[in-house]
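The first residue in the sequence is number 1, and the count goes up from there. Please read these numbers as outputs of a predicted model, since none were measured by experiment.
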Amino acid sequence: MVSATVGRAGVLGAVALSLLAVPARAATGTPDTQAAARQAAATPAAVGRQAAATAAARLAATAPRGPAVAALPAPDTAGLAAVLRSVVAQGAPGALARIDDHGRTYRVTRGVADRGTGRAISTGDRFRIGSVTKTFTTVVLLQLVDEHRLALDAPVNRYLPGLLPDDRITVRHLLSHRSGLYDYSDDMFAASVSGFEAVRKKVFTYRQLVALSLKKPRTNAPGAAYSYSNTNFVVAGLLVEKLTGQPVRTAYQNRIVKPLKLTDTFYVHPDTAIPGRHTRGYLTPDRAGAPLVDATAQTVSWAQSAGAVISSARDLDVFYGALLKGRLLSAARLADMERFTKVNSTTAYGLGLRRRDLSCGVSVYGHTGAVQGYYTYAFGTKDGGRTLTAMANTSNNAKVLNTLAGALESAFCGK
């Protein structure tokens, strides 16, 4: 199904990929020791009372940033529909895409949300967003930097004493995947179905996950190279909870979900269900021809602040639009987020944010997500004026993952 609707937005308008490691840029800046002292004196209760008000004030006070961006061609909805048809033909039960373009909304769907009932997939469905969660976590930490309660270039061990074996690992290294901390999830899911079944109902603590990582040698010295690792954002979740004195769920809710009125965005860990109307997710087994595994119900405790958020296409479009317009962070922190390290010929990574360089010369900014049963691409233009969220309800299928990336070309390059 393809549709387009026109309307004004009420408030803001609206992977795990295999990536090559390349030399990273040296970190810049100096630790803010005065900020650290102020944070030590702050109380969690005061933080909780001020968080929602601070986020609302930030939204009200910020203005669109930077020079005007050249107009893009209209989205190619026929091309987008062809991408989703291919995704379904390659093994995904269903796929959806939503584009928000300066008040105009385009919706495209193919296939089913539920193989049991045959219900058609809808762009209004909720789903697990996987590593798109990393941008949410990064926004919270950068807001804490804006509030002078965290320093990007300070050692992680300043805030979490003794957690990591190297005092040279900084907060910036975590958020840019340059810490060298081994990704514990590589071992968990060496076999897709048996690995998943072993953890789908399990509840981990953050420190248990960090301990799994530290059993293995580090991949590189701190700051030396980009190496994607879920461990980085598990440690980031620990930082959020230490500095706010609250669960990450509360930080997401007060700082992002409530100010942006994201009605479909939840962090339910360790509960296993997706609230409300949602698309079911299906894990592709390693053995060709084996049946898909319904992976919808799971704790996602193996990922937490690295990948456990639930959302919808509409909410992700609003979130990235607000972020890229400068509505969630100061200009300085957004510039930190957009300080990119090249990963390969089409991709670069900043702080919890990917840049994808498209064939038409346009670059888009967002994140990819892969969690059992779901692949997600959520990206927007530099000015946040056009955003796309595309999702397929399967995983462990490289053809689907790579084909779904074509949604970016159709959404931002046009015909």
Side-chain angles (χ1 to χ4, degrees), residues 9-16 55 94-100 105 107-109 113 121-140 233 237 240 247-269 271-281 295-300 303-324 327-328 352-354 365-380 384 387-395 404 407 411:
V11 180
L12 298 173
V15 114
L96 63 85
R98 174 180 168 131
I99 300 169
D100 282 300
T105 300
R107 300 175 178 88
V108 185
T109 61
I121 199 168
S122 165
T123 57
D125 288 351
R126 297 165 181 169
F127 52 88
R128 301 191 185 278
I129 67 173
S131 287
V132 179
T133 301
K134 291 178 170 67
T135 309
F136 283 73
T137 304
T138 301
V139 166
V140 172
F233 281 81
V240 169
V248 292
R249 173 194 287 112
T250 304
Y252 297 148
Q253 189 74 14
N254 289 344
R255 293 172 172 274
I256 300 172
V257 173
K258 286 182 179 177
L260 297 182
K261 294 181 170 58
L262 304 182
T263 56
D264 297 317
T265 301
F266 304 90
Y267 184 85
V268 301
H269 173 269
D271 290 346
T272 60
I274 300 176
R277 177 175 166 139
H278 59 274
T279 290
R280 303 193 71 82
T296 310
Q298 54 174 303
T299 63
V300 201
Q304 298 188 53
S305 52
V309 167
I310 293 161
S311 194
S312 68
R314 179 264 177 193
D315 277 11
L316 292 183
D317 282 351
V318 169
F319 169 63
Y320 278 108
L323 173 62
L324 294 166
R327 304 289 300 278
L328 291 172
L353 192 70
R354 291 191 189 278
Y365 305 81
H367 216 287
T368 48
V371 64
Q372 291 90 354
Y374 305 90
Y375 284 139
T376 303
Y377 285 79
F379 285 83
T387 52
L388 161 79
T389 298
M391 186 276 290
N393 60 341
T394 196
S395 64
L404 192 62

### Task
Test Phe266 against Arg126 for side-chain contact (heavy atoms from CB on, under 4.5 Å), laying out the working first.
CA-CA 10 Å; Phe266 304 90; Arg126 297 165 181 169; 3.5 Å; yes

#### Entry: Nearest non-hydrogen partners of Ile99 and Ala411, listed with the distance
CD1-CB, 3.7 Å

### Query
Can you tell me how far CG of Leu316 sits from OG1 of Thr265, rounded to the nearest 0.5 angstrom?
6.5 Å

### Query
Do Thr138 and Leu353 come close enough that some side-chain heavy atom pair is under 4.5 Å?
no

### Test side-chain contact (heavy atoms from CB on, under 4.5 Å) applied to Tyr365 and Leu324, step by step
CA-CA 8 Å; Tyr365 305 81; Leu324 294 166; 3.8 Å; yes

### Query
Looking just at side-chain N and O atoms, do Arg354 and Thr368 make a donor-acceptor pair shorter than 3.5 Å?
yes

### Query
So, Thr137 and Tyr252: side-chain donor and acceptor under 3.5 Å apart, yes or no?
yes

### Gap between atom OG of Ser395 and atom OH of Tyr374 - 0.5 Å precision
9.5 Å

### Message
Determine whether Phe319 and Phe136 satisfy the following criterion, ring pair (Phe, Tyr, Trp, His ring centres under 6.0 Å), listing intermediate values before the conclusion.
### Response
CA-CA 9 Å; Phe319 169 63; Phe136 283 73; 4.0 Å; yes

### Message
Nearest 0.5 Å, please: how far is CG in Leu96 from CG in Asp125?
### Response
7.0 Å

### Query
Which distance, rounded to the nearest 0.5 Å, do you find between the NE2 of His278 and the CG of Asn393?
11.0 Å

### Query
Is any side-chain N of the basic residue among Asp317 and Arg98 closer than 4.0 Å to the acidic one's carboxylate O?
yes

### Summary
NZ (Lys258) and OG1 (Thr250) are apart, to the nearest 0.5 Å, by 8.5 Å

### Task
May I have the step-by-step check of side-chain hydrogen bond (donor to acceptor under 3.5 Å, both in side chains) for Tyr320 and Thr135, ending in yes or no?
CA-CA 9 Å; Tyr320 278 108; Thr135 309; 2.7 Å; yes

### Query
If you look at every heavy atom in Thr387 and Gly321, which pair is closest and at what distance?
CG2-N, 3.7 Å

### Query
Where is the tightest heavy-atom contact between Thr133 and Ala308, given as atom of each residue plus distance?
OG1-N, 3.4 Å

### Query
Do Asp264 and Ser311 get their side chains close enough for a donor-acceptor pair, meaning under 3.5 Å?
no

### Query
Does the side chain of Ile274 come within less than 4.5 Å of Arg128's, by heavy atoms?
yes

### Query
Would you say the side chain of Leu260 lies within less than 4.5 Å of the side chain of Leu328, judging by non-hydrogen atoms?
yes

### Message
Measuring only between side-chain heavy atoms, which start at C-beta, is Gln304 closer than 4.5 Å to Val248?
### Response
no

### Partner of Ile256 by side-chain contact (heavy atoms from CB on, under 4.5 Å), out of Val309, Asp315, Val140
Val140

### Query
Counting only N and O atoms by type, is there a donor-acceptor contact under 3.5 Å from the side chain of Lys134 to the main-chain atoms of Gly352?
no

### Message
Quick check: closest heavy atoms across Ser305 and Gly237, and the distance to 0.1 Å?
### Response
OG-CA, 3.2 Å

### Check: Val300 and Val371 side chains under 4.5 Å, non-hydrogen atoms
yes

### Query
Roughly how far, to the nearest 0.5 Å, is OG1 of Thr376 from CE of Met391?
6.5 Å

#### Entry: Any side-chain heavy-atom pair of Ile310 and Tyr267 under 4.5 Å
no

### Task
Specify the closest pair of heavy atoms between Pro259 and Gln253, including all atoms of both residues, with the distance to one decimal.
CD-O, 3.9 Å

### Task
Begin from the C-alpha positions of Leu262 and Val318 and carry the test side-chain contact (heavy atoms from CB on, under 4.5 Å) through to its verdict.
CA-CA 8 Å; Leu262 304 182; Val318 169; 3.8 Å; yes

### Task
Applying side-chain contact (heavy atoms from CB on, under 4.5 Å), run through Thr272 and Gln298 and close with a yes or a no.
CA-CA 4 Å; Thr272 60; Gln298 54 174 303; 5.7 Å; no

### Query
Side chains of Ser122 and Thr109: does their closest heavy-atom pair fall under 4.5 Å?
no

